[in-house]
Amino acid sequence: MRMGRNTSYKVTKTAIAPGWLANGAGAGAFKRLPYDLALLVTEDPIEVGAPESELVLDTQPSLPEASRRGVLVAFGGEHCASYSQCDDAGVRRVLPVVIKDGADCFPSRREREAGLPGAMWCMESAAMPGDSGGALLVEAADGKLSYVGVISVRRGLPLELFALASTRRSAAAAISANRDFILETARALGYAPLSSGP
């Protein structure tokens, strides 16, 4: 959607993060969550329209402290009776979120031993159908936004019981965990090195 009009772009390649492919299906498949990211390569460039000075790609290897403010930008529905009944999905929504400690999203011993609390972003929000693949931005003290993660999973009750949930948590795959994959793909397409956050 641009200037009130839909524009379609032909996808020529879907590049999947190597970490996702290396940790295939099975009992240990949850280890692939930090790499839940794919890049769509289009035949023609897409004009994003965001001034470079206002948004940076965070490729730093660590996650900041909890309680930071963030912004979720995605296309999920807000009123979903189930995963197959989500009539308002598909419209971009911008939702303020609070960053939580990773253990709030991954409390089990198995998840802790796999390092998930320190490898993914945890949000005090519930990702809804259509949100997966959306962007998680984090606001720095100076107000600058960093693109830090890709919306991946929601934790908690199923959608049918969502109204009863007292805590709502979602997690995003960290851009930093996929840094090399993203930069190599961009350079192969002829783009200059991407800027990274402080």
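Using a 4.5 Å cut-off on side-chain heavy atoms (C-beta onward), Val73 and Leu137 make contact. The shortest side-chain heavy-atom distance between Leu33 and Ser152 falls under the 4.5 Å cut-off. You'll find the side chain of Tyr9 stays beyond 4.5 Å of the side chain of Leu40, heavy atoms only. Between Thr12 and Thr42 there is no side-chain heavy-atom pair separated by less than 4.5 Å. Annotation: side chain of Ile182 is in contact with side chain of Ile175 (closest heavy-atom distance under 4.5 Å). Between Val41 and Leu189, some side-chain heavy-atom pair lies under the 4.5 Å cut-off. The shortest distance between side-chain heavy atoms of Met120 and Cys105 does not fall below 4.5 Å. Taking 4.5 Å as the limit, some side-chain heavy atom of Ile151 sits within range of a side-chain heavy atom of Leu72.
Scanning both residues, Thr14 and Val11, for their nearest heavy atoms gives OG1-CG1, 4.2 Å. Closest non-hydrogen pair, Gly102 versus Cys122, comes out as CA-CB, 3.9 Å. Val148 and Trp121 get closest at one heavy-atom pair: O-NE1, 3.2 Å. Between Ala119 and Ala174, the closest heavy-atom pair is O-CB, 3.6 Å. Here the shortest heavy-atom pairing between Pro34 and Ala173 reads O-CB, 3.5 Å.
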Query - CA sep, side-chain torsions, deciding dist, call: Leu136, Met123, side-chain contact (heavy atoms from CB on, under 4.5 Å) - result: CA-CA 9 Å; Leu136 174 63; Met123 301 165 286; 3.5 Å; yes
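With rounding to the nearest 0.5 Å, the separation of CZ in Arg112 from CZ in Arg109 is 8.0 Å.
Judged as a side-chain hydrogen bond (donor to acceptor under 3.5 Å, both in side chains), and not counting sequence neighbours, the contacts of Ser108 are Glu111.
Hydrophobic cluster membership for Ile16: Trp20, Leu21, Tyr35 (Ile, Leu, Val, Met, Phe, Trp, Tyr linked by side-chain heavy atoms under 4.5 Å, directly or transitively).
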